[in-house]
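One structure is given below, encoded as structure tokens.
Below, chains carry the letters A, B, ... as their sequence lines are ordered, and counting in each starts from 1.
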Amino acid sequence: MTDLLYGADEEALRDSVRALLAAHAPWQRTLARLDGDEPYDAALWTRLVDQLGVTGLAVPAEHGGAGAGFREVAVVLEELGRAVAPVPFLGAAVATRTLLACGDTELLGQLATGERTVALAVGLSTAPPPDPDPTVTAEPGSALPGVVARVAEVGSAPVLHGVVDGVADALCCDVLLVPAGDGLYAVDTGGPGVRMTPVVSLDATRPLVDVGLTGAPARPIAAGAAASRAVSAALTTGAALLASEQVGLAQWCLDTTVAHVRARHQFGRPVGSFQAVKHRLADLWVEVTQARAVARHAADRLAAGDPEAPLAAALAQAYCGPVAVRAAEVCVQLHGGLGFTWEHPAHLYLKRAKSGAIAFGTADRHRATLARLVDLPAPAGRR
Amino acid sequence: MTDLLYGADEEALRDSVRALLAAHAPWQRTLARLDGDEPYDAALWTRLVDQLGVTGLAVPAEHGGAGAGFREVAVVLEELGRAVAPVPFLGAAVATRTLLACGDTELLGQLATGERTVALAVGLSTAPPPDPDPTVTAEPGSALPGVVARVAEVGSAPVLHGVVDGVADALCCDVLLVPAGDGLYAVDTGGPGVRMTPVVSLDATRPLVDVGLTGAPARPIAAGAAASRAVSAALTTGAALLASEQVGLAQWCLDTTVAHVRARHQFGRPVGSFQAVKHRLADLWVEVTQARAVARHAADRLAAGDPEAPLAAALAQAYCGPVAVRAAEVCVQLHGGLGFTWEHPAHLYLKRAKSGAIAFGTADRHRATLARLVDLPAPAGRR
Amino acid sequence: MSDHTADRLRGLVAAFLRTHDPGGDRVGFLRARFDAGLAWVHYPAGLGGLAAPPHLQPVVDAAFAEAGAPDNRPRRNSIGLGMAAPTLLRHGTDAQCRRWLRPLWTGEEVWCQLFSEPDAGSDLAGLRTRAARDGDDWVVDGQKVWTSMAHEARWAILLARTDPAVPKHHGITYFVCDMTTPGVQVRPLRQLTGEAEFNEVFLTGVRVPDTQRVGAEGQGWQVARTTLMNERVAIGGRPLPREGGMVGLVARLWRERPELRTAGLHEEILHSWVRAEAARLAALRLRQLVAAGQPGPEGSAVKLSFAELNQRISGLEVELLGAQGLRHDDWAMRRPTEPDLLGRTATYRYLRARGNSIEGGTSEILRTVIAERVLGLPAEPRVDR
Amino acid sequence: MSDHTADRLRGLVAAFLRTHDPGGDRVGFLRARFDAGLAWVHYPAGLGGLAAPPHLQPVVDAAFAEAGAPDNRPRRNSIGLGMAAPTLLRHGTDAQCRRWLRPLWTGEEVWCQLFSEPDAGSDLAGLRTRAARDGDDWVVDGQKVWTSMAHEARWAILLARTDPAVPKHHGITYFVCDMTTPGVQVRPLRQLTGEAEFNEVFLTGVRVPDTQRVGAEGQGWQVARTTLMNERVAIGGRPLPREGGMVGLVARLWRERPELRTAGLHEEILHSWVRAEAARLAALRLRQLVAAGQPGPEGSAVKLSFAELNQRISGLEVELLGAQGLRHDDWAMRRPTEPDLLGRTATYRYLRARGNSIEGGTSEILRTVIAERVLGLPAEPRVDR
């Protein structure tokens with residue numbers, strides 16, 4: 001049965017991550033980074049990888065990882081969401097799932113130890129396919145979400161051509177996993193024929209890049225249905241894990257707003273003593289409480305390799321994405337003018353939340369997936 | 001341009017109707033009727049017809065009416081909604097529009113003077129057709145909404161067979177206008193072959209009947225496209241006018257709740273001084289204010305014979321139906337236990353409101369109609 | 001820590017079943033189960049329990065259910081089981097516990113609650129029913145409302161004002177009232193569904209022996225608070241399978257009646273399904289927290305969101321039914337003993353669910369409770385004490 | 001009743017245009033229009049008006065617009081036109097009106113508002129900026145925030161506390177402050193869009209002559225209330241065609257980009273369209289009421305619902321854009337003079353619209369205003385006076 005709690009190891013992991021983030025990633029530093037040239041915090045990333053081994057959590061011990069799992073990865077994401085930290089961990093987790101599915105143990109080992117940073121080259125807005133089983137589609141290649149590149153050959157070695165727009169967590173990565181043709185390829189970003197163009201992103205703490213490939217040398221890592229399944233599993237993983245980040249984000253917004261309205265006085269009373277404010281925050285607390293259960297469920301089913309993991313992931317994005325947006329919007333509103341300023345961190349969370357509502361597919365797409373998975377079909381034909 | 005105000009004559013009419021209802025239809029009487037055998041208040045209906053001539057308002061003077069129009073009919077409906085009065089006026093207004101479209105001046109004259117009560121024999125939940133112009137459908141008859149009866153002939157005179165379930169305002173009527181085959185027929189309810197079976201209705205103040213026709217003699221009043229257009233216009237009229245009833249209902253719910261929370265004390269304060277209660281009622285006031293503008297617009301466009309009347313009617317039912325339901329639900333909630341009792345009138349309004357949300361089509365059907373009319377098409381194919 | 005384990009308790013149930021026929025005399029079986037300490041295993045020995053941890057109760061219940069043993073019809077005595085019993089255990093005397101708990105648990109004696117009054121609903125502490133001392137008795141006069149099961153109950157838990165001179169929360173005392181006492185008059189209170197689940201209870205010169213006082217004089221508010229908290233957990237605490245609540249009914253309707261489907265209602269049913277599943281998982285998480293000995297404050301959230309869901313989903317169901325949603329089954333006055341939210345018609349469910357945000361603490365009160373007790377937001381300025 | 005009619009005013013405009021070239025010197029034309037009483041026709045003669053009924057103003061504006069005459073760039077001076085001018089007319093001296101109204105109306109002098117403070121936002125009467133009498137002057141010290149146009153304005157309307165000894169609403173006085181006075185320091189206040197429409201204004205020993213006091217000493221709160229009401233009407237009062245607001249942008253996007261459509265977003269856009277059209281019709285009805293001389297209290301509703309709509313629709317637009325909704329145009333610090341809610345990107349609109357429920361009275365304050373002034377619900381117990 002699904003385990004919706006946090007184990008003692010998970011709580012210990014949370015404490016470590018939170019302490020590290022408190023020491024090295026206060027929001028003031030993240031905010032200041034927005035006017036600079038380096039959106040990612042490379043030093044913070046190094047600490048997370050080297051000191052806490054976050055990239056190895058979901059990698060089996062025999063491949064150099066910690067042999068924990070995606071429940072632990074989800075706990076790390078809660079804390080990163082809470083701190084709106086500018087590190088490429090979500091992308092690394094998605095890449096981990098891709099490599100696990102492909103059985104590429106060498107790259108997996110390098111990812112686990114932090115020797116190389118890896119990202120799946122698919123636009124951040126790409127939703128998991130409504131049908132996670134690619135065997136039902138006629139052409140094998142058509143089941144690959146986000147395919148925009150094509151494969152050519154130079155001598156006997158494949159090279160890739162094409163563009164992949166809006167890829168997250170790829171800005172500083174060493175290796176891109178690119179779906180192309182009907183296969184999946186590893187491309188060295190330091191090699192020839194790869195151009196990474198930074199995007200002015202809504203969420204500048206998760207900067208996107210447009211990837212241009214012009215004859216980039218590529219190493220095949222999966223083909224046909226195996227490639228489709230790997231990408232599909234990776235996108236489901238992204239959707240499921242993002243929910244935990246959203247829970248952490250929403251909890252920060254709730255906690256920060258509660259603290260603010262307790263301290264802020266207007267009309268001779270704490271703002272938080274006004275009933276409409278209290279009830280709005282009570283409703284938000286209920287939603288965050290439910291979002292936590294939903295996100296925990298998605299992480300647990302993912303970790304268990306349950307066939308219902310896609311259902312749990314669709315539920316997670318149908319529910320947690322909108323809750324995170326509401327939490328961030330309430331946070332801005334109840335901070336009043338202060339919440340509308342650049343100097344207050346609320347907007348970092350608002351932008352992350354709104355961006356997250358699109359990442360791995362908007363809530364309505366996940367509802368449509370649920371409709372299929374739980375047999376609540378759309379009306380036949382037009383109204 | 002659309003006139004969203006009330007003219008002096010309209011205000012005078014409102015005052016007359018309100019005074020009559022206050023004197024003869026207090027809610028206590030309407031409530032007591034629920035446990036009796038006569039859901040309609042025949043005496044009240046006679047007063048409305050004889051003293052105020054409500055059935056003649058939309059009938060031209062040359063056919064025995066007052067030569068006013070549907071704006072005035074809408075004002076009467078606001079007051080009837082406000083009093084949740086058990087009289088068949090909405091049905092009479094729909095029948096008036098049907099007969100106007102068919103040009104049946106004799107029956108129109110009898111309806112105007114109150115000599116005979118007429119109802120369109122279509123289930124109350126029937127929505128206006130999404131396309132109000134029947135010429136686009138292939139078979140002329142198929143554009144007739146609510147067709148369930150068929151036509152036969154006895155000698156050279158047509159007779160009708162079939163059932164029409166859930167007809168409103170037909171319980172005490174003298175004449176039914178029945179869509180059958182590809183025509184529209186008048187059937188005398190006192191004649192042979194007509195059986196009227198009362199329904200246990202959600203809204204007992206607007207009781208429904210199931211009409212059974214077994215060789216009922218019928219007089220044709222329109223055929224083919226003319227019949228389709230008449231029924232379509234009648235349903236659009238019902239949708240547009242119902243909005244005014246809903247505004248009156250919602251306004252009563254708001255006013256009554258405001259009065260209650262001003263008087264009721266808990267925790268040593270008026271309940272209406274608590275901010276969450278105040279804000280909820282402020283939001284409801286905004287919605288009722290907007291519903292009034294929307295309903296007034298629908299009545300005005302209907303009265304003007306504007307080609308945009310179907311659009312205004314669809315907007316009216318997409319907006320005003322849900323507002324009335326919310327108003328009645330808030331009324332029950334903010335009356336606390338009292339609002340949950342049979343002895344308080346709130347439930348009369350709740351049942352009328354919820355029933356009205358289905359009458360002439362649910363809000364989602366009207367949104368779908370709007371999508372067609374304002375060019376916001378549904379996605380092609382399945383998601 | 002106790003040394004009880006699930007296995008050990010299953011063993012005790014098995015031993016009990018070897019000597020007691022679950023198919024035999026119902027009351028006799030239940031009395032014996034109580035006496036064996038297998039009623040409420042977390043209650044003390046001698047009072048139906050074994051002082052075991054509360055999370056082992058479901059283990060025992062499941063073992064009896066598997067054997068086809070009769071249950072104590074818990075829905076018929078929810079006030080007794082959910083409110084009276086825990087209050088008696090915490091605040092009652094030993095004699096009170098011994099007199100009342102056994103027939104309460106077996107269902108031989110049904111209990112009701114005389115708390116709410118016409119002018120004291122959300123503000124329960126504003127109650128006006130008076131209890132005046134007269135020798136060894138108290139004489140009670142007043143009017144109570146919203147009393148379910150009053151017409152079937154033998155006992156009532158009663159709040160009455162014993163000292164009108166002190167501020168409102170301080171002058172209240174908690175009693176157990178015998179519903180067969182002269183002066184207790186029960187009248188049905190008809191609700192908007194047409195039926196009367198509830199009652200008004202008029203108390204005129206009702207004598208209550210001082211031995212039926214629970215807790216000290218003037219301490220009734222503190223005693224009642226335990227009970228009110230229990231009411232909320234009792235309402236929200238049942239586990240549900242997926243689609244186990246009202247959402248299952250509307251999902252079935254959607255599947256079985258394709259002709260009713262529209263694009264707009266499709267979005268609405270999906271929204272409802274998502275929210276229902278989120279609420280279900282949150283309730284499940286609360287149970288897991290309780291079982292792990294980390295009870296959180298999520299109980300109020302469960303009641304709040306199930307009220308909202310029931311209202312939203314039953315409203316959707318009525319609209320989905322369309323023509324059929326305009327029809328009801330029966331408005332006649334009836335006397336059910338409990339709400340039947342999954343039976344009858346969609347219209348009944350829609351109307352009955354309106355009460356879910358009023359009964360057992362209004363949603364407004366629950367939001368305030370969450371804001372103040374969970375989030376630590378300040379109380380409003382008080383003008384009534 | 002005046003004897004002005006729409007026809008008569010159109011005749012006056014026509015006569016004016018025969019002697020003044022709309023294509024000539026802009027400022028000269030506007031000054032002459034003011035002097036002819038055709039600026040604000042409902043203002044008194046000599047102050048830009050003809051004492052005509054207010055509903056005839058649109059007639060005059062339309063006649064000038066048809067002739068291609070320059071307008072006074074109303075959005076650039078919205079505080080001056082919407083707040084300062086009506087306050088000066090109602091509470092100012094004749095000399096004040098003659099000095100300030102003409103260059104205000106022509107746009108030669110832009111105005112800003114020094115009301116809000118860091119600790120006095122919704123509770124404006126809690127302001128702390130002090131003005132102390134010194135001979136014929138007042139000396140002002142304090143800090144103001146959320147001042148749009150402060151970096152372009154010549155004059156400010158200013159609220160300052162002149163008597164700290166009396167309860168909060170009573171010790172406030174209303175002034176006009178020359179923004180070029182020494183001691184006035186303007187700093188940009190960057191907002192979450194990255195740009196700075198607003199400013200912080202620091203006032204250090206700023207001398208304001210007593211002749212620039214508006215209304216009596218200590219009466220500033222009453223004077224300001226006129227102005228605050230005007231702010232709300234000014235924001236909500238513009239007429240819109242169907243799909244005239246943000247909903248038009250998202251409707252166009254829906255029509256032009258079929259590949260973005262999903263069933264869920266279809267329902268959402270239809271809901272938004274319906275609510276936008278309802279809000280538009282309500283605003284139109286308000287205008288018709290005002291024109292008929294029956295101004296209702298609907299002004300607050302208009303501002304409240306447009307804030308909600310802007311937020312909802314811009315949020316929908318960002319999601320509808322999908323991949324493109326993850327991109328912004330520019331986070332650089334800039335200095336626009338007004339919000340551009342229909343230009344730039346969907347992400348900008350989404351972020352900027354968050355301010356719509358905060359600026360010019362938060363939505364929470366507006367709901368309280370509606371509840372108390374329109375519905376007559378009682379105020380909360382006050383603890384601050």
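Contact of A/Arg365 with chain D is made through the side chain alone, with heavy-atom distances under 4.5 Å. Using a 4.5 Å cut-off between heavy atoms, D/Leu265 contacts chain A through both its backbone and its side chain. Residue A/Val199 touches chain D through its side chain alone, counting heavy-atom pairs closer than 4.5 Å. For A/Leu348, no part lies under 4.5 angstrom from a heavy atom of chain D. Interface remark: D/Ala120 contributes backbone atoms only to the contact with chain A (heavy atom separation under 4.5 Å). Heavy atoms of D/Leu351 lying under 4.5 Å from chain A belong to its backbone as well as its side chain. Contact of A/Asp35 with chain D is made through the side chain alone, with heavy-atom distances under 4.5 Å. Heavy-atom distances place no part of A/Val277 under 4.5 Å from chain D, backbone and side chain included. The contact between D/Asp119 and chain A is made by backbone and side chain atoms together, counting heavy-atom distances below 4.5 Å. At a 4.5 Å heavy-atom cutoff, the contact between D/Phe198 and chain A is made by side-chain atoms alone. Heavy atoms closer than 4.5 Å to chain A are found in the side chain of D/Glu380, but not in its backbone.
Considering only heavy-atom pairs separated by less than 4.5 Å from chain D, the leading option among A/Ala276, A/Ala357, A/Gly337 is A/Gly337. Of the listed residues (D/Trp146, D/Trp331, D/Tyr348), the greatest number of heavy-atom pairs within a distance under 4.5 Å of chain A belongs to D/Trp331. Interface summary for chain A: among D/Glu364, D/Arg367, D/Met333, the most heavy-atom pairs under 4.5 angstrom belong to D/Glu364. Top candidate by heavy-atom pairs under 4.5 Å with chain D, chosen from A/Ser355, A/Ala168, A/Ser201, is A/Ser201. Heavy-atom pairs under 4.5 Å with chain D were tallied for A/Ile358, A/Thr362, A/Asp165, A/Leu350; the largest tally goes to A/Ile358. Ranked by non-hydrogen atom pairs under 4.5 Å with chain A, the options D/Asp329, D/Ile358, D/Leu326, D/Thr347 are led by D/Leu326. For chain D, the option among A/Leu34, A/Asp203, A/Leu124, A/Asp210 with the highest count of heavy-atom pairs below 4.5 Å is A/Asp210. Chain D forms the most heavy-atom pairs under 4.5 Å with one residue out of A/Arg206, A/Arg269, A/His265, and that residue is A/Arg269. Of the listed residues (D/Gly126, D/Ala125, D/Ser363, D/Gly325), the one with the most heavy-atom contacts under 4.5 Å to chain A is D/Gly325. Ranked by heavy-atom pairs under 4.5 Å with chain A, the first of D/Gln324, D/Gln191, D/Glu195 is D/Gln191. When each of A/Thr341, A/Leu208, A/Leu202, A/Val271 is scored by its heavy-atom pairs under 4.5 Å with chain D, the top score falls to A/Leu202.
Under the 3.5 Å distance criterion, with hydrogens and angles disregarded, a donor-acceptor pair is assigned to the side chains of D/Gln311 and D/Ser357. The closest side-chain donor-acceptor pair between D/Glu319 and D/Tyr350, if any, does not fall under 3.5 angstrom. In summary, the side chains of A/Arg352 and A/Thr205 do present a donor paired with an acceptor at a separation below 3.5 Å, with no hydrogens or angles considered.
Ion pairing between a basic and an acidic side chain is recognised when a charged N comes within 4.0 Å of a carboxylate O; D/Glu317 and D/Arg257 show no such pairing. Between A/Lys354 and A/Glu329 there is no salt bridge, since none of the side-chain N atoms of the basic residue sits less than 4.0 Å from a carboxylate O of the acidic one. We find that D/Arg190 and A/Glu343 are not joined by a salt bridge, their nearest charged nitrogen and carboxylate oxygen being 4.0 Å or further apart. Between A/Arg367 and D/Glu267, no side-chain nitrogen of the basic residue sits less than 4.0 Å from a carboxylate oxygen of the acidic one, so the salt-bridge criterion is not met. Salt-bridge annotation for D/Glu359 and D/Arg352: present, with a side-chain N of the basic residue lying under 4.0 Å from a carboxylate O of the acidic one.
Nearest heavy-atom pair, A/Pro86 versus A/Thr30, reported as atom, atom and distance to 0.1 Å: CD-OG1, 3.9 Å.
The aromatic rings of A/His335 and A/His344 sit tilted relative to each other, their planes meeting at an angle between 30° and 60°.
A donor-acceptor pair under 3.5 Å links the side-chain atoms of D/Asp330 to the main chain of D/Ala332, judged by distance alone. Distance alone, capped at 3.5 Å, places no donor-acceptor pair between the D/Arg130 side chain and the D/Gly142 backbone.
When each of D/Arg161, D/Glu117, D/Gln143 is tested with D/Thr129 by the rule side chain to side chain donor-acceptor pair (under 3.5 Å), just one qualifies, namely D/Glu117.
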